[in-house]
2 protein chains.
Amino acid sequence: MTTEEIVKRLVALVSEGKNLQAEEELYAPDALSVEQNGYSVTGLEAVMGKTKGAMEGMEAVHGGGIDIAYVGADTFLLHYKMDVTPKAGERMTMEEYGFYKIRDGKIAEEYYFMQPLAL
Amino acid sequence: MTTEEIVKRLVALVSEGKNLQAEEELYAPDALSVEQNGYSVTGLEAVMGKTKGAMEGMEAVHGGGIDIAYVGADTFLLHYKMDVTPKAGERMTMEEYGFYKIRDGKIAEEYYFMQPLAL
């Protein structure tokens, strides 16, 4: 798959709430996932475990998904904007950027950013 | 310097049009710069040469700069929004994202994204 094909498949699966299927299909076995605070996990199973935890923390996902995507050569950048109600809070708009690196046709690294710096 | 200090210094210098000084001060000698189409250069001199070329391609920079910044542990993400007149065109708003990686207190990798995918 080309980078653009990977991005389109990822966007389509996430829009259906199939984030775990997306990871199973598109991620490398040794994928690295890094949160903004530096917390990271390595390996598809651990990455999927983290995603599962995040999804289980939601009372409901009302709508939204990936609304901006930039396709690089072997990188891409996504913006998520989702209307959610977390189990531990009020209904809110959740925004997040993800930068991704591809190796051998699979997503090998992801870096998430959720909390902007006040400029 | 911490990642946040690097980002704040970079934002300040870019807001004064001192992009080359920012690179000289904050980038690693072997820094890698990658454009969205995959074109890349390695080494501070080459990175600065590319920046110099981009700046010389502008008739005028009317305003703008870095308007969004996310600070990670040893990564950061910036959004540039600038009001420019290129030498080869009309006045326009130029938007760009940059993802950056830090090693040993210096910016070691940068990846730019300018052209969004239609979703």
Side-chain angles (χ1 to χ4, degrees), chain A residues 1-16 32-42 63-82 94-103 107-119, chain B residues 1-16 32-42 63-82 94-103 107-119:
Chain A
M1 287 172 97
T2 65
T3 302
E4 184 168 333
E5 285 167 347
I6 290 171
V7 171
K8 285 184 169 169
R9 181 72 181 148
L10 183 59
V11 169
L13 287 168
V14 167
S15 77
E16 295 170 14
L32 168 74
S33 177
V34 184
E35 296 296 324
Q36 187 173 1
N37 64 6
Y39 173 74
S40 71
V41 298
T42 304
I66 295 162
D67 63 346
I68 311 174
Y70 288 79
V71 175
D74 53 6
T75 60
F76 59 98
L77 180 72
L78 301 180
H79 182 254
Y80 297 78
K81 190 171 185 178
M82 303 184 77
M94 202 194 76
E95 287 192 66
E96 193 166 33
Y97 285 96
F99 169 83
Y100 303 79
K101 252 190 174 171
I102 291 171
R103 264 196 304 276
I107 298 170
E109 297 179 28
E110 59 179 13
Y111 299 85
Y112 288 113
F113 299 93
M114 212 169 196
Q115 187 60 53
L117 185 70
L119 288 181
Chain B
M1 288 172 95
T2 66
T3 302
E4 185 169 331
E5 285 166 349
I6 290 170
V7 171
K8 284 183 170 169
R9 181 73 180 147
L10 182 60
V11 169
L13 287 168
V14 167
S15 77
E16 296 170 12
L32 168 74
S33 177
V34 184
E35 296 296 324
Q36 186 172 1
N37 65 6
Y39 172 73
S40 71
V41 298
T42 304
I66 296 162
D67 63 345
I68 312 175
Y70 288 80
V71 175
D74 53 5
T75 59
F76 60 97
L77 180 73
L78 301 179
H79 182 254
Y80 297 78
K81 190 171 183 178
M82 303 183 79
M94 202 194 75
E95 286 193 67
E96 193 166 33
Y97 284 97
F99 169 83
Y100 301 81
K101 254 192 172 169
I102 291 171
R103 263 195 306 274
I107 298 169
E109 296 179 28
E110 61 180 10
Y111 299 85
Y112 287 113
F113 298 93
M114 212 169 196
Q115 188 60 53
L117 185 69
L119 288 180

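Every chain is numbered from 1 and lettered A, B, ... according to where its sequence line falls, protein lines coming before strand lines.
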Under 4.5 Å heavy-atom distance to chain A, tell me which part of [X] shows up: side chain, backbone, both or neither.
| X | answer |
| --- | --- |
| B/Val34 | neither |
| B/Phe99 | side chain |
| B/Val11 | side chain |
| B/Leu119 | side chain |

Hey, can you dump all donor-acceptor pairs under 3.5 Å between chain A and chain B, distances included?
unit_1   : atom_1 : unit_2   : atom_2 : d
A/Gln36  : O      : B/Ala73  : N      : 3.1
A/Gln36  : NE2    : B/Val71  : O      : 2.9
A/Ala69  : O      : B/Leu117 : N      : 2.7
A/Val71  : O      : B/Gln36  : NE2    : 2.9
A/Ala73  : N      : B/Gln36  : O      : 3.1
A/Tyr97  : OH     : B/Tyr97  : OH     : 2.5
A/Lys101 : NZ     : B/Glu109 : OE1    : 3.4
A/Lys101 : NZ     : B/Tyr111 : OH     : 2.7
A/Glu109 : OE1    : B/Lys101 : NZ     : 3.4
A/Tyr111 : OH     : B/Lys101 : NZ     : 2.7
A/Leu117 : N      : B/Ala69  : O      : 2.7

Subject >> Shortest non-hydrogen contact from B/Ala73 toward A/Gly38 >> reply: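 Heavy-atom minimum between the residues: CB-CA, 3.5 Å.
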**OP:** Could you tell me the separation between the CG atom of A/Leu77 and the CG atom of B/Leu77, rounded to the nearest 0.5 Å?
**Re:** 6.0 Å
